[in-house]
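A quick write-up on the structure given underneath.
Quantities reported herein were computed from a predicted structural model and do not represent experimental measurements.
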Amino acid sequence: MVTVRGFTFSSRPNMKLSFFFLLQFTVFVLSCFAFSLANAGNVTYDHRSLIINGQHKLLISAAIHYPRSVPAMWPGLVQTAKEGGVDVIETYVFWNGHELSPGNYYFGGRYDLVKFVKIVREAGLYLILRIGPFVAAEWNFGGVPVWLHYVPGTVFRTDNEPFKHYMEKFTTFIVNLMKQEKLFASQGGPIILAQVENEYGYYESAYGEGGKRYAMWAASMAVSQNIGVPWIMCQQFDAPDTVIDTCNSFYCDQFKPLSPNKPKIWTENWPGWFKTFGSRDPHRPPEDVAFSVARFFQKGGSVQNYYMYHGGTNFGRTSGGPFITTSYDYDAPIDEYGLPRFPKWGHLKELHGAIKLCEHALLNGEPTHMSLGPSQEADVYTDSSGACAAFISNIDEKNDKTVEFQNASYHLPAWSVSILPDCKNVVFNTAKVRAQTTVVEMVAEDLQPSVASPDKGVKALKWEIFVEKVGVWGEADFIKNGFVDHINTTKDDTDYLWYTTSIFVSENEAFLKKGSQPVLFIESKGHALHAFVNQKLEASASGNGTNPPFKFKKPVSLKAGKNEIALLSMTVGLQNAGSFYEWVGAGLTSVKIEGFNNGTVDLSSNAWTYKIGLQGEHLGLYKSDGMDNINWLSTPEPPKEQPLTWYKAIVDAPPGDEPIGLDMIHMGKGLAWLNGEEIGRYWPWKSSVHDKCVKECDYRGKFMPDKCFTGCGEPTQRWYHIPRSWFKPSGNILAIFEEKGGDPTKISFSRRKTSGVCAVVAEDYPSFELEPEHENGDVSTKNNAAIFLNCPKNTRISTVKFASFGTPTGTCGSYSKGECHDPKSISVVEKMCLNKSECAIELIEENFSKGLCPDATKKLAVEAVCS
Ligand code: GAL
């Protein structure tokens with residue numbers, strides 16, 4: 001048994017104190033602890049860490065972006081983070097969500113920043129406020145309002161007067177708002193750090209001397225705000241001494257702040273990655289995330305933030321890009337829908353517990369570095385009271401290794417760190433995932449006509465439709481020879497811009513006689529395009545770039561006489577990072593038709609007639625007060641595969657309380673709303689079947705986003721999150737705008753349901769239990785591994801689908817027995833778990849035949865159904 005600062009790690013879990021009692025006990029202890037911290041007071045720092053109210057701190061921080069969920073979800077998300085062992089919530093501030101036009105501020109709904117910060121305070125957690133106000137973040141235009149690009153003379157992120165003026169004004173506004181509400185730690189609030197700019201170091205040189213001046217100006221502008229807590233700048237390689245420079249990367253153990261009196265802070269550890277439409281789904285294995293975090297604290301780190309801990313959703317048109325998906329799930333520890341992602345969330349929770357057990361020694365001890373082999377090392381922290389904590393790591397990417405450390409042997413899997421809060425007993429190894437995993441399903445629920453709709457009692461859902469005109473509707477906005485830039489024209493008020501022209505075809509054209517087709521050849525800066533010829537959708541394409549632009553060719557039907565060419569150009573999220581990113585344009589650059597008697601006809605310098613946006617958007621058809629602006633066509637059989645169609649239906653909320661996704665796999669591309677709330681862009685664009693995907697991810701070795709993809713040949717995003725709080729009990733208006741054609745009768749809701757739990761633990765896994773200290777301070781080195789299962793709220797283990805103690809193989813959902821199998825396995829697990837919402841099974845002789853196949857390291861694998 002190991003005694004660490006009032007807690008005892010038991011080698012033998014005390015089964016009277018259930019794991020969950022202990023877990024809650026831990027949360028209780030942590031929350032009392034955190035509560036006193038949340039009224040933070042004075043925040044300073046030294047080379048080792050932040051010092052809050054005179055105390056050095058090790059801090060685990062979790063990024064949750066407030067507009068990427070809804071206020072109804074915030075308390076639950078913050079609570080789940082806290083239960084995951086997090087001390088701090090981090091968020092950017094989203095300028096373009098707040099300053100809608102110069103001086104016109106919005107802080108309602110998802111943008112209620114003050115409410116969010118107060119929820120964090122109420123939970124007893126700290127907050128890091130990354131004001132930016134440039135943020136990148138895969139957010140539209142990197143968070144900077146589009147209107148600022150059109151303020152004459154403005155150049156973003158350099159020594160430019162208009163930019164600095166508006167940046168300072170907004171920063172000051174946010175700072176004053178926080179001050180008014182007493183939210184800075186210096187005022188007794190939760191905010192312990194603030195950030196100015198974001199990763200400017202990568203781009204500074206592109207802006208020449210002005211870049212350097214701007215970076216220094218940003219720092220001093222921030223510091224002059226007098227917030228009473230330190231300012232940080234991330235990836236700012238020349239940050240002045242008045243701010244703390246911090247690291248963003250998949251690994252930051254080797255990071256050294258610019259000055260020896262600054263603490264080592266990691267603002268962005270990416271525990272997954274974002275997705276783009278048409279691409280595969282990236283995953284970062286939990287073993288590697290844990291490895292990176294453990295290495296950071298091993299090497300003297302003091303604040304570590306997961307970017308993201310909950311990624312959430314890019315509702316409406318907030319995603320950056322181009323092509324960032326509406327889902328910003330990020331493979332984060334809390335999934336897009338707000339459920340803890342297992343085993344990642346659980347594995348990191350254990351890691352945080354293990355690190356916290358070392359906190360005193362880490363912060364007060366002197367580090368000693370020891371080499372234990374070519375790629376193996378220990379960092380040992382011993383303080384004056386004799387407390388000792390050690391991290392031993394094996395950074396070999398392939399080979400496990402047994403090392404000798406302080407007269408004992410330790411087996412270290414490849415690419416792993418073991419944590420020894422007493423310098424003797426391993427309580428956690430980053431590569432040994434004991435945490436349960438869950439079986440999560442999207443359970444389809446047909447759309448149900450609302451009981452409150454006028455058709456009460458009618459079974460079939462009633463769809464109403466409105467079809468957009470192809471090309472210019474109403475009055476043209478303007479006519480111009482040649483092309484305009486798409487973004488300069490829409491100012492991003494809409495994704496859509498019509499470019500229309502016509503071409504006269506003489507009867508003598510050979511293709512008319514031969515019945516062949518000429519070829520439409522389009523070049524565009526992006527991002528997507530639908531080409532209509534004589535009202536008919538002939539082609540759709542997407543791509544991005546100025547040099548070269550994206551190009552596509554498509555044979556089209558032309559008739560003798562006048563032919564109408566109507567090209568619907570679309571943006572799919574504006575650029576969110578890069579030097580001079582605000583100048584990146586979009587839209588058509590060349591339109592030609594090949595195959596005429598005289599060769600190719602270039603329409604590029606034709607007179608083009610332009611129309612900004614859709615009629616339905618203009619009328620606000622998706623809002624309750626705009627719906628009556630037209631006569632919808634009511635139809636029990638809505639048209640299928642019909643482009644440019646608005647669909648509307650009045651539906652009931654799906655039963656239950658699970659989170660909801662809108663299943664759009666049978667639709668093309670467009671926008672969706674519920675009760676006027678913007679669900680976002682949908683586009684179930686499939687990644688190529690020829691792409692490379694992995695069945696299982698090898699966690700070992702340096703992670704890059706292209707390492708572990710799943711979802712080859714599947715839509716990047718099939719389901720679109722609709723927060724429960726957007727639903728009324730009945731009479732919900734679902735509105736869809738479909739661009740190219742789909743089958744609305746196949747749209748359904750899906751409930752995100754956790755239907756089962758799985759876990760695998762091997763005999764040699766450390767046991768990790770918190771218990772009140774034993775009176776005699778008994779120390780035993782024997783550890784019993786155990787499995788802990790926990791079904792979601794209001795459900796119990798109804799069936800044990802699989803249990804094998806021995807050498808089972810496979811993964812959750814496909815376990816099978818190995819050569820070595822204890823036949824008692826199922827009955828033991830059933831006895832301990834059936835009809836319980838949680839249970840613990842130790843790998844001990846009382847439960848299993850430990851003597852079985854003595855040469856093998858045995859493990860227990862369990863899969864159970866929760867219902
Ligand atoms: C960082 C940036 C973040 C986010 C991240 C990738 O470089 O600071 O805002 O864009 O990359 O998710």
Discussion item. Using the rule given for ring pair (Phe, Tyr, Trp, His ring centres under 6.0 Å), can you reason through Tyr337 versus Trp719, listing the C-alpha separation, both sets of side-chain angles and the distance that settles it, and then say yes or no?
Written reply: CA-CA 11 Å; Tyr337 295 83; Trp719 285 279; 8.7 Å; no
Side-chain touch [X]/[Y], heavy atoms, less than 4.5 angstrom:
X      : Y      : value
Cys388 : Val380 : yes
Glu268 : Asn198 : yes
Arg724 : Met73  : no
Cys866 : Val757 : yes
His721 : Arg752 : no
Gln235 : Thr267 : no
Lys118 : Leu183 : yes
Phe297 : Ile419 : no

Next item on the list: Let me see the working for Ser327 and Glu336 under side-chain hydrogen bond (donor to acceptor under 3.5 Å, both in side chains), right down to the final yes or no.
Entry: CA-CA 7 Å; Ser327 168; Glu336 174 177 12; 2.8 Å; yes
[X] (side chain) donor-acceptor with [Y] (main chain) under 3.5 angstrom:
X      : Y      : value
Glu287 : Val289 : no
Gln225 : Thr171 : no
Asn261 : Asp46  : no
Arg48  : Gly300 : yes
Asp245 : Leu258 : yes
Asn269 : Val293 : no
Lys115 : Pro71  : no
Tyr92  : Ala63  : no
Lys179 : Gln187 : no

Legend entry - Heavy-atom closest contact (Trp345 atom, Ile334 atom, distance):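 What the structure gives for the nearest pair is CD1-CG1, 4.3 Å.
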Here the pair of heavy atoms bringing Ala194 nearest to Val229 is N-CG2, 4.5 Å
Should the pair [X] and [Y] be assigned to parallel (<30°), tilted (30 to 60°) or perpendicular (>60°) ring geometry?
X      : Y      : value
Phe94  : Trp139 : tilted
His65  : Tyr328 : parallel
His98  : Phe107 : parallel
Trp273 : Trp270 : perpendicular

Lys299 and Glu377 ion-paired at < 4.0 Å: yes
Strictly below 4.0 Å, N to O, side chains only: are Lys356 and Asp87 in salt-bridge contact?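 So Lys356 pairs with Asp87 through a salt bridge.
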Can you sort out the partners of Tyr200 under ring-ring contact (aromatic ring centres under 6.0 Å, His included), two or more places apart, ordered by chain and number?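 Tyr200 satisfies ring-ring contact (aromatic ring centres under 6.0 Å, His included) with Tyr207, Tyr214 only.
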Which is it for Cys234 and Cys247 under the disulfide bond (SG atoms under 2.5 Å apart) test, yes or no, and what are the steps along the way?
CA-CA 6 Å; Cys234 60; Cys247 180; over 6 Å; no
- Task: Assess Arg284 against Tyr307: is NZ or CZ under 6.0 Å from the centre of the six-membered ring, and within 45 degrees of the ring's axis?
- Result: no
field: Axial cation check for Phe255 ring with Lys264, 6.0 Å and 45° limits
entry: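 Pair Lys264/Phe255 does not count as cation-pi.
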Step-by-step side-chain hydrogen bond (donor to acceptor under 3.5 Å, both in side chains) determination, Asn394 to Ser416
CA-CA 5 Å; Asn394 176 13; Ser416 80; 5.6 Å; no
Determine, step by step, whether Glu138 and Asn314 satisfy the side-chain hydrogen bond (donor to acceptor under 3.5 Å, both in side chains) criterion, reporting the C-alpha distance in whole Å, the side-chain angles of both residues, the deciding distance to 0.1 Å, and the verdict. CA-CA 9 Å; Glu138 290 71 67; Asn314 295 312; over 6 Å; no
| said: Are Tyr381 and His360, when compared by the centres of their aromatic rings, separated by less than 6.0 Å? | reply: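 No, they do not, as the ring centres are separated by 6.0 Å or more.
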Ring centroids only, cut at 6.0 angstrom: are His347 and Tyr699 within range, meaning strictly under it?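 No.
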